[in-house]
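Okay, structure first, notes after.
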Amino acid sequence: MTDQLILQSILEDLKLHNQMPRRIDFSIVGGRYWCVVADKELDQLSVINEDVYTGFSDSKEVALLKALSERAERYTFIEGHQQKYNSCSTERSDGFAAIPKIMNSSSARSNAFNEAVERFVWSM
């Protein structure tokens with residue numbers, strides 16, 4: 001299945017369940033797509049903001065898929081925290097990640113490294 005078909009399927013499901021984000025914005029940074037997804041019209045004026053979800057990729061579709069994945073991760077963490085799951089016992093969702101079962105360990109390791117770089121850059 002192509003990235004476009006996966007994205008189309010996810011967007012249709014989000015629309016069907018009235019769960020579409022309020023905003024989806026794209027920028028091009030260094031020739032790659034930076035996608036920001038938000039559920040509010042305006043962002044907080046803070047460098048670190050838990051109200052936006054981001055994705056970065058050579059592909060516009062993959063950048064959006066990554067941002068939507070971060071959104072799903074955060075909502076999953078919030079629900080787990082409210083339900084008092086041990087895996088969600090921290091105050092914030094830092095380090096909480098969803099990895100599709102179809103990914104091999106090499107891809108998962110590469111993605112984990114990219115996430116660590118993203119967190120490091122975000123904190124500067």
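The first residue in the sequence is number 1, and the count goes up from there. Any value given below was found using the heavy atoms of this structure, including those in side chains, with hydrogens, waters and symmetry copies removed.
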Please round to the nearest 0.5 Å and tell me the distance separating atom [atom1] of [X] and atom [atom2] of [Y].
{"X": "S57", "Y": "D3", "atom1": "OG", "atom2": "CG", "answer": "8.0 Å"}
{"X": "M20", "Y": "N18", "atom1": "CE", "atom2": "CG", "answer": "10.0 Å"}
{"X": "Q19", "Y": "L68", "atom1": "CD", "atom2": "CG", "answer": "11.5 Å"}

Exercise. Does F56 have any ring-ring contact (aromatic ring centres under 6.0 Å, His included) partners at least two apart in sequence or in another chain, and if so, which?
Worked result: W34
Exercise. Would a hydrophobic clustering, with Ile, Leu, Val, Met, Phe, Trp and Tyr connected at side-chain separations under 4.5 Å, put L5 with I10?
Worked result: yes
Exercise. Are V62 and I6 in one and the same hydrophobic cluster, where Ile, Leu, Val, Met, Phe, Trp and Tyr link if side-chain heavy atoms are under 4.5 Å apart?
Worked result: no
Exercise. Within a strict 4.5 Å, meaning less than it, do heavy atoms of the L64 and K60 side chains meet?
Worked result: no
Exercise. Do D25 and S27 come close enough that some side-chain heavy atom pair is under 4.5 Å?
Worked result: no
Exercise. Where the side chain of S69 meets the backbone of L65, is there a donor-acceptor pair that is under 3.5 Å apart?
Worked result: no
Exercise. Which atom names give the shortest non-hydrogen contact between K40 and D51, and what distance separates them?
Worked result: NZ-OD2, 3.5 Å
Problem set entry | salt bridge (charged side-chain N to carboxylate O under 4.0 Å, His left out) pairs, two or more places apart, involving residues 27-39 | R32-D58, D39-R71
For this session: Would you please classify the geometry between the Y53 ring and the Y75 ring as parallel, tilted or perpendicular, with 30° and 60° separating the classes?
Result: tilted
Side-chain donor-acceptor distances from residues 79-86 under 3.5 Å, at least two apart:
from, atom 1, to, atom 2, distance (Å)
H81, ND1, C88, O, 2.8
H81, ND1, T90, O, 3.1

Exercise. Have Q8 and Q4 got a donor and an acceptor in their side chains that come within less than 3.5 Å?
Worked result: no
